[in-house]
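Only one structure is covered here, and it is reproduced in the block below.
All residue numbers refer to positions in the sequence shown, counting from 1.
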Amino acid sequence: MLKQQLNFKLSQKLSPQQIQLMKLIQLPTQAFEQRIKQEMEENPALEDGKEDRVDEYDDIGNDNSDDEYDTDSESIETEIDVDEYLSDDEIPSYRLNANNYSADDEDKQVPYAAGTSFTQHLKTQLSTIRLDDIEQDIAEFLVGSVDESGYIRRSIQDIVDDLAFTQNIYTDEETVEKVLKKVQRLDPAGVGARSLEECLIIQLNRREPTKQVELAKDLLERSFDHFSKKHYNKLLTRHDISEDDLREAIDVIEHLNPKPGGAYSGNTRMVEHVIPDFTIKIEDGDLQLSLNGRNAPEMHISRDYSNMLKGYKESKEKTKAQKDAVMFIKQKLDAAKWFIEAIKQRQQTLMVTMSSIMNYQKEYFLSGDERNLRPMILKDIADEIEMDVSTVSRVANSKYVDTPYGTKLIKEFFSESMTNDQGEEVSTREIKKILEMSIEEEDKRKPLTDEKLAKVLKSKGYPIARRTVAKYREQLDIPVARLRKEI
């Protein structure tokens with residue numbers, strides 16, 4: 001059965017220039033510099049540095065002659081669906097373009113390269129171990145199965161099957177287990193383990209067998225589950241030891257490396273440098289905001305290109321080749337003028353947005369106390385500066401500000417609100433800070449449960465439910481009470 005239906009859809013359209021401006025606003029400082037470099041390479045009519053305004057181009061650009069090759073007559077207005085560009089996704093649209101992203105973003109691909117180099121590091125050490133040909137092949141396969149943390153997270157049976165199917169090596173679990181023990185002698189200590197328990201025990205086996213080390217091994221081998229859950233009373237009873245003995249053994253274990261591969265791969269990765277886009281200083285009790293100078297380059301239109309147009313205007317005979325060249329030149333000059341204007345608009349948008357955020361959170365920037373952060377959402381700033389919420393989002397999600405209290409991501413200053421027992425709106429960031437301080441001040445021998453933390457917060461004027469406490473605690477990456485317990 002056929003059904004005919006009429007739908008109406010209201011959508012906003014943006015010009016390509018507006019879309020490019022949106023992308024420029026979103027770029028952080030390093031990516032913005034790359035964008036300028038790219039534009040200058042692609043448009044010879046654009047030059048850096050200061051230059052006097054060139055009037056000849058404006059005269060010719062406004063020439064309303066009936067020239068059949070007039071640029072205006074051939075321009076095509078293109079409209080693009082705003083939904084495609086104004087998405088509030090975590091991945092900005094400019095990062096999806098091959099030649100338009102920050103060098104910082106490439107760091108996210110580095111873990112694969114770092115893992116490869118770690119594997120090579122392990123393979124190099126195999127030459128120090130006595131292995132026959134078959135064992136050598138198995139050892140190399142095992143090393144290739146080590147992940148970045150230094151673990152082999154596959155069963156021996158799976159490895160045996162893979163050796164048969166992919167390497168034509170037919171062996172058994174006993175042989176692979178024997179070779180694995182040899183691989184586990186490689187550095188860093190603990191590499192090749194199949195579990196955290198095995199990883200820690202491998203490291204303890206390389207330590208001098210003191211009383212504390214032997215007790216630590218015994219705890220892990222016989223009572224790993226109780227140890228990981230911090231059931232200290234059960235450990236004291238089961239191993240018939242004193243609290244001092246247990247405390248010393250735990251101290252030995254806590255100094256082991258739970259991720260033996262992490263240190264190696266971390267050293268081979270590129271270091272990400274954050275360049276603040278703004279700086280806030282306190283001078284005579286007032287806040288002073290400045291934009292990183294690298295966001296305000298001096299650029300001008302090439303005089304050589306303008307002179308080419310001037311020469312064409314003054315020439316008596318105008319050939320088709322000349323007219324084609326002039327059309328190309330005018331396109332480049334138009335693009336250069338727009339880019340310079342877009343840079344100025346970007347600077348203005350960044351300063352207006354950040355200035356509004358700074359004034360909204362003035363108490364925080366003067367004190368550095370997160371408890372002074374006011375509840376603030378994107379719409380609060382957008383309404384104040386009379387811009388779209390998506391524009392504020394582009395500034396907040398990708399820009400950093402250097403403050404007297406460290407370099408901060410701007411979006412960290414935004415938070416939802418709740419009402420305290422005085423009927424005042426307070427920031428959820430403020431509540432999290434109070435929660436964090438309450439946990440820091442607790443008796444670690446008897447850490448507070450989420451229910452007790454809710455009562456503590458209520459006594460301080462923040463009536464929130466236990467499940468909300470649990471949510472905030474998890475967001476702060478703080479473990480439950482049982483795992484915070486110390487002996």
Those residues that, when tested against H231, pass ring-ring contact (aromatic ring centres under 6.0 Å, His included) (two or more places apart): H226
Closest approach of L200 to L220 (non-hydrogen atoms, all atoms of both residues): CB-CD1, 3.6 Å
Full working for side-chain contact (heavy atoms from CB on, under 4.5 Å) between L46 and I340: CA-CA 9 Å; L46 191 64; I340 292 171; 3.7 Å; yes
Chi angles and distances behind the side chain to side chain donor-acceptor pair (under 3.5 Å) call for D388, S390: CA-CA 5 Å; D388 195 88; S390 63; 2.6 Å; yes
Distance, nearest 0.5 Å, that separates CD of Q347 from CG of N292: 11.0 Å
Neighbour count above 12 (heavy atom, 6.0 Å) for D132 CG: yes
Cation over ring face, R374 and Y360, 6.0 Å, 45°: yes
Greater than 12 external heavy atoms within 6.0 Å of Q345's CD: yes
salt_bridge(D218, R222) N-O dist < 4.0 Å: yes
R247 and D251 ion-paired at < 4.0 Å: no
Point-to-point distance, once rounded to the nearest 0.5 Å, from CG of L373 to NZ of K432: 11.5 Å
Distance, nearest 0.5 Å, that separates CD of Q361 from CD of E370: 11.0 Å
Ionic contact status for K217 with E221, cut-off 4.0 Å: no
Shortest non-hydrogen contact from P297 toward I343: CD-CG2, 4.1 Å
Heavy atoms of other groups near D240 CG, more than 12 under 6.0 Å: no
R346 to F32 six-membered ring, cation-pi geometry met (6.0 Å, 45°): yes
Rounded distance (nearest 0.5 Å) linking atom CD1 of I357 with atom NZ of K399: 10.5 Å
All ring-ring contact (aromatic ring centres under 6.0 Å, His included) counterparts of F278, not counting sequence neighbours: none
Pairing of R473 and E436 as salt bridge, 4.0 angstrom limit: no
Residues that E363 engages under side-chain hydrogen bond (donor to acceptor under 3.5 Å, both in side chains), provided they are two or more places apart: none
Separation of T29 OG1 from L350 CG (nearest 0.5 Å): 8.5 Å
Residues E140, K123: salt bridge by 4.0 Å N-O rule: no
Mutual orientation of the aromatic rings belonging to Y364 and F413 [parallel < 30°, tilted 30-60°, perpendicular > 60°]: tilted
Nearest heavy-atom neighbours spanning G192 and Q184: O-NE2, 3.1 Å
NZ/NE/NH1/NH2 to OD/OE distance under 4.0 Å, R194 and E177: yes
Nearest non-hydrogen partners of D277 and L291, listed with the distance: O-CD1, 3.3 Å
Ionic contact status for K178 with E135, cut-off 4.0 Å: yes
Gap between atom CG of L448 and atom CG of L453 - 0.5 Å precision: 5.0 Å
K433/D369 ion pair, N-O < 4.0 Å: no
Intermediate values then yes/no, side-chain contact (heavy atoms from CB on, under 4.5 Å), I478 and Y472: CA-CA 9 Å; I478 297 174; Y472 290 168; over 6 Å; no
Smallest separation among heavy atoms of L246 and L215, with atom names: N-CD2, 4.5 Å
Aromatic centroids of Y170 and F165 separated by under 6.0 Å: no
Audit row: D162, F141, side-chain contact (heavy atoms from CB on, under 4.5 Å) steps and yes/no: CA-CA 9 Å; D162 278 355; F141 188 84; 3.6 Å; yes
Single hit among Q34, R35, M40 for side chain to side chain contact (heavy atoms under 4.5 Å, CB included) with Q38: R35
